[in-house]
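Sequential numbering from 1 along the given sequence is applied to the chain's residues. For the numbers below, each heavy atom of this structure counts, side chains included, while hydrogens, waters and symmetry mates do not.
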Amino acid sequence: MGRMTASTGRRVLLAAPRGYCAGVDRAVIAVEKALEQYGAPIYVRHEIVHNKYVVQTLEKKGAIFVERTAEVPEGSIVMFSAHGVAPVVHDEAAAGKLATIDATCPLVTKVHKEAVRFADDDYDILLIGHEGHEEVIGTSGEAPDHITLVDGPGDVAKVEVRDPSRVVWLSQTTLSVDETMETVDALKEKFPQLISPPSDDICYATQNRQLAVKQMGEQADLVIVVGSRNSSNSVRLVEVAKLAGAKEAYLVDFADEIDDSWFEGVSTVGVTSGASVPEILVEQVLEYLTTHGYEDVELVKAAEESITFSLPKELRRDLRAEAAALVAQRTGTTPSAE
């Protein structure tokens, strides 16, 4: 465990790593680059990442977030969020004469490809994840006839498969590592020949942030997780902190959501942030804590991160021209050469 300074009295334990993962960084930069290259508006199907501040900031720059592909005007540019989409959404975009940018996290794309491969081999796929989450909807759409959602250990009893010798589990990338393995253990009891994915589906950033919180939670009276309530990985950090021993843990989008009553009898405060949270929001929380007497900061370092992902390849093309050409094909006109 890495530390910065020795401290006495009131202190802050600051988790490392925290905040943006490579997939989120890639997706946010992709929206910004698209706005720079093609001008506003750039439509984004669903929130590009699950963070209120990020979405509000990009909206001010000209991004328009929609829930359905049908909301995007013909001939526009639409970006798919980091959570990924089902194949049917790509079909909808093509039918709507839309130029597309796919900002799906490469680690989510990996799970999609695993689902397709196992479905092609006629396996039953048990997808561990949260019902209704965009990532789960996207992955399930890759092989809807082969995938059964398992939303935690409590779902295992009702799971049925065609052939217990041909069944594999995959997972949403942002789950609690411990709860996922609890679900896997229960599935293996029921299906002893259950196959595991070729590599871990839970993303490196989710695991690293949970590991730091586990180390921090052992010492913290209170843990503050910066993140939005619709962010699965941020919500999991609150759960992990409590299980690790923190007396209390709270999720906040902004520093002004912190309640002074939380600090009664608290000498050690842990601070971390979800994988879709910009560092500026953590800095504001640290400033708030300083004004309340928590000036000493110690770093709790669980891992080093150096992974980066290249930007979506579609950003290398003239998508405005492509969108105009798609509309022209339908109308039989010649696109403007402006």
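Val167 and Leu149 are not part of a single hydrophobic cluster, where members link through side-chain heavy atoms under 4.5 Å apart. When hydrophobic clusters are built by joining Ile, Leu, Val, Met, Phe, Trp and Tyr residues whose side-chain heavy atoms come closer than 4.5 Å, directly or via intermediates, Phe118 is not grouped with Ile128. Residues Phe80 and Val24 fall into different hydrophobic clusters, defined by Ile, Leu, Val, Met, Phe, Trp and Tyr side chains chained together at heavy-atom separations under 4.5 Å. Note on Leu311 and Val108: separate hydrophobic clusters, where clusters join Ile, Leu, Val, Met, Phe, Trp and Tyr whose side-chain heavy atoms are under 4.5 Å apart, directly or indirectly.
Considering only residues two or more places apart in sequence or on other chains, Lys158 meets the salt bridge (Lys or Arg N to Asp or Glu O under 4.0 Å) condition with Asp155. Residues meeting the salt bridge (Lys or Arg N to Asp or Glu O under 4.0 Å) test with Arg18, sequence neighbours left out: Glu279. Taking Asp122 as the reference, Arg162 meet the salt bridge (Lys or Arg N to Asp or Glu O under 4.0 Å) condition, with sequence neighbours excluded. Looking at residues two or more places apart in sequence or on another chain, you find no side chain to side chain contact (heavy atoms under 4.5 Å, CB included) involving Leu243.
Separating the CD atom in Glu47 from the OG atom in Ser276 is a distance of 9.0 Å, to the nearest 0.5 Å. Between the CD atom of Gln172 and the OG atom of Ser232 there is a distance of 4.5 Å, given to the nearest 0.5 Å. Atoms OG1 and CG, from Thr174 and Leu107 in turn, are 11.5 Å apart once rounded to the nearest 0.5 Å. To the nearest 0.5 Å, atoms CG (Leu14) and CG (Leu289) are separated by 10.0 Å. Interatomic distance, CD of Glu131 versus OG of Ser140, reported as 9.5 Å (0.5 Å rounding).
Side-chain contact, Glu67 with His46: a donor N or O sits under 3.5 Å from an acceptor N or O. Side-chain contact annotation: Glu314 with Thr100, donor-acceptor N/O pair under 3.5 Å absent.
Here the closest heavy-atom approach between residue Asp201 and residue Leu170 is recorded as OD2-CA, 3.2 Å.
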Starting from the C-alpha separation in whole Å, work towards a yes-or-no answer on salt bridge (Lys or Arg N to Asp or Glu O under 4.0 Å) for Glu298 and Arg11. CA-CA 7 Å; Glu298 302 178 32; Arg11 62 175 181 159; 3.1 Å; yes

Run the side-chain contact (heavy atoms from CB on, under 4.5 Å) test on Asp318 and Arg320 for me, step by step, so that the C-alpha distance in whole Å, both residues' side-chain angles and the decisive distance to 0.1 Å come before the verdict. CA-CA 6 Å; Asp318 185 349; Arg320 289 289 182 208; 3.9 Å; yes

Salt bridge (Lys or Arg N to Asp or Glu O under 4.0 Å) between Arg209 and Glu305, intermediate numbers included: CA-CA 11 Å; Arg209 281 147 191 73; Glu305 290 183 353; 2.7 Å; yes

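Checked for salt-bridge contact, Asp178 and Lys214 meet the test: a charged N lies under 4.0 Å from a carboxylate O. Using a 4.0 Å cut-off between charged nitrogen and carboxylate oxygen, Arg236 and Glu239 count as a salt-bridge pair. A salt bridge links Arg317 with Glu322: the closest approach of a Lys/Arg side-chain nitrogen to an acidic carboxylate oxygen falls below 4.0 angstrom. No salt bridge links Asp121 with Arg166; every basic N to acidic carboxylate O contact stays at or beyond 4.0 Å. Checked for salt-bridge contact, Lys61 and Glu36 miss the test: no charged N lies under 4.0 Å from a carboxylate O.
Residue pairs meeting the side chain to side chain donor-acceptor pair (under 3.5 Å) criterion with at least one member in residues 183-196, sequence neighbours excluded, are Trp169-Ser196.
With Glu142 as the partner, the side-chain hydrogen bond (donor to acceptor under 3.5 Å, both in side chains) test is satisfied by one option alone out of Arg117, Lys113, His112: His112.
His146 contributes no side-chain N or O that, together with a main-chain N or O of Asp124, makes up a donor-acceptor pair within less than 3.5 Å. Here the side chain of Thr139 pairs no donor or acceptor atom with the backbone of Val136 at under 3.5 angstrom. Of the possible polar contacts, one joining the Thr180 side chain to the Ser176 backbone as a donor-acceptor pair under 3.5 Å is found.
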Run the side-chain donor-acceptor check on residues 248-256: report pairs under 3.5 Å with partners two or more places apart or on a different chain.
from   : atom 1 : to     : atom 2 : distance (Å)
Asp253 : OD1    : Ser228 : OG     : 2.5

